[in-house]
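Below is one structure; the comments refer to it alone.
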Amino acid sequence: MSAKQVGKSILLLGKCVPTAKENAVKVAISRFKLNQYLNIYFKDIELVYAQDNAQLSKVGDVVLLEKLPEKITTLIQHRVKEVVYPLGDITDPITGKKVVCDVYREEMKEISKRYGKSESAFDYDKAPPRGWQEDKKDFSRKPVYRKYHEFEDDDQPYAKG
């Protein structure tokens with residue numbers, strides 16, 4: 001599917017990736033594209049920019065995008081409708097239960113209840129919500145800057161080298 005076809009879709013589901021734009025997110029939309037010669041589907045990733053004035057999403061979230069009636073800029077023609085799955089809290093889409101790897105959290109509680117809780121086991125009920133370390137150890141909302149040069153005087157705290 002080409003960029004023109006992605007742009008025509010009304011609702012899109014994708015994963016947020018890092019971007020330097022303010023009030024906008026870059027979303028990677030995965031689709032399978034058929035190769036006519038090999039008759040095999042290959043994964044094709046399209047990058048789409050979407051308006052996110054309320055800053056609902058963060059990097060790694062799975063979001064639902066909605067097409068805007070008219071383009072805001074040449075790049076932005078969608079907006080973030082909702083965050084479907086936040087990063088770190090994996091939810092089974094069929095049952096709606098929280099999952100760790102391939103085991104439901106409820107099953108983990110039952111196992112620890114039967115056999116005793118391990119000292120190294122993580123307690124998901126007592127864990128703080130995602131985002132509690134924002135501006136302490138989580139700097140994903142800070143402006144992105146790529147460090148190209150080494151200057152002795154110039155201090156660039158958000159540079160990624």
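Below, each value reflects all heavy atoms present in this structure, side chains not excepted, and no hydrogens, waters or symmetry copies.
- Listed here is the closest heavy atom pair of S57 and V25: OG-CG1, 3.3 Å.
- For the side chain to side chain contact (heavy atoms under 4.5 Å, CB included) test with L13, the passing option among I29, V84, V27 is V84; the others fail.
- The main-chain N or O of P93 is never found under 3.5 Å from a side-chain atom of T91 such that the two would form a donor-acceptor pair.
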TODO: Using the side chain to side chain contact (heavy atoms under 4.5 Å, CB included) rule, take Q77 and L68 through it: C-alpha gap first, then chi angles, then the decisive distance, then the call.
DONE: CA-CA 6 Å; Q77 57 185 357; L68 293 169; 5.6 Å; no
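- For H78 against L12, the heavy-atom pair with the smallest separation is NE2-CD1, 3.5 Å.
- With a 6.0 Å radius and a threshold of 12 heavy atoms from other residues, nucleotides or ligands, F42 has its CZ atom above the threshold.
- Here the closest heavy-atom approach between residue G60 and residue K15 is recorded as O-CE, 3.7 Å.
- One finds the CE atom of M108 at 5.0 Å from the OH atom of Y124 (value rounded to the nearest 0.5 Å).
- To the nearest 0.5 Å, the span separating CG on L75 from NZ on K26 amounts to 10.0 Å.
- Ion pairing between D125 and R105 fails under the 4.0 Å rule for side-chain N and carboxylate O.
- Cluster annotation: L11 and I72 are assigned to distinct hydrophobic clusters (Ile/Leu/Val/Met/Phe/Trp/Tyr, side-chain heavy-atom contacts under 4.5 Å, transitive).
- Under the 4.5 Å side-chain heavy-atom criterion for ILVMFWY residues, a single connected hydrophobic cluster contains both V62 and L64.
- Interatomic distance, K43 NZ to R31 CZ, rounded to the nearest 0.5 Å: 13.0 Å.
- In this structure, K21 forms a cation-pi arrangement with Y49, its terminal cationic atom sitting closer than 6.0 Å to the ring centre and no more than 45° off the ring axis.
- Here the shortest heavy-atom pairing between I45 and S30 reads CG1-OG, 4.0 Å.
- A distance of 8.0 Å separates CZ in R79 from CD in Q51, rounded to the nearest 0.5 Å.
- The closest donor-acceptor contact from the side chain of D52 to the backbone of L56 lies under 3.5 Å.
- Here the straight-line distance linking atom CD of E46 with atom NZ of K33 works out to 8.0 Å at 0.5 Å rounding.
- Cluster membership for I76 and V80, using ILVMFWY side-chain heavy atoms within less than 4.5 angstrom, is not shared.
- Under the 4.5 Å side-chain contact rule for hydrophobic residues, L34 and F32 share a cluster.
- Under the 4.5 Å side-chain heavy-atom criterion for grouping Ile, Leu, Val, Met, Phe, Trp and Tyr, V48 is not connected to V17 through any hydrophobic cluster.
- Between K98 and D92 there is no salt bridge, since no side-chain N of the basic residue sits under 4.0 Å from a carboxylate O of the acidic one.
- For D61 (side chain) and K58 (main-chain N/O), a donor-acceptor pair under 3.5 Å exists by modelled atom type.
- Annotation: cation-pi pair K97/Y104 present, NZ/CZ under 6.0 Å from the ring centroid and within 45° of its normal.
- Taking every heavy atom of both residues into account, N23 and Q55 meet most closely at OD1-NE2, 4.1 Å.
- Listed for the N35 side chain is a donor-acceptor partner under 3.5 Å among the backbone atoms of Y37.
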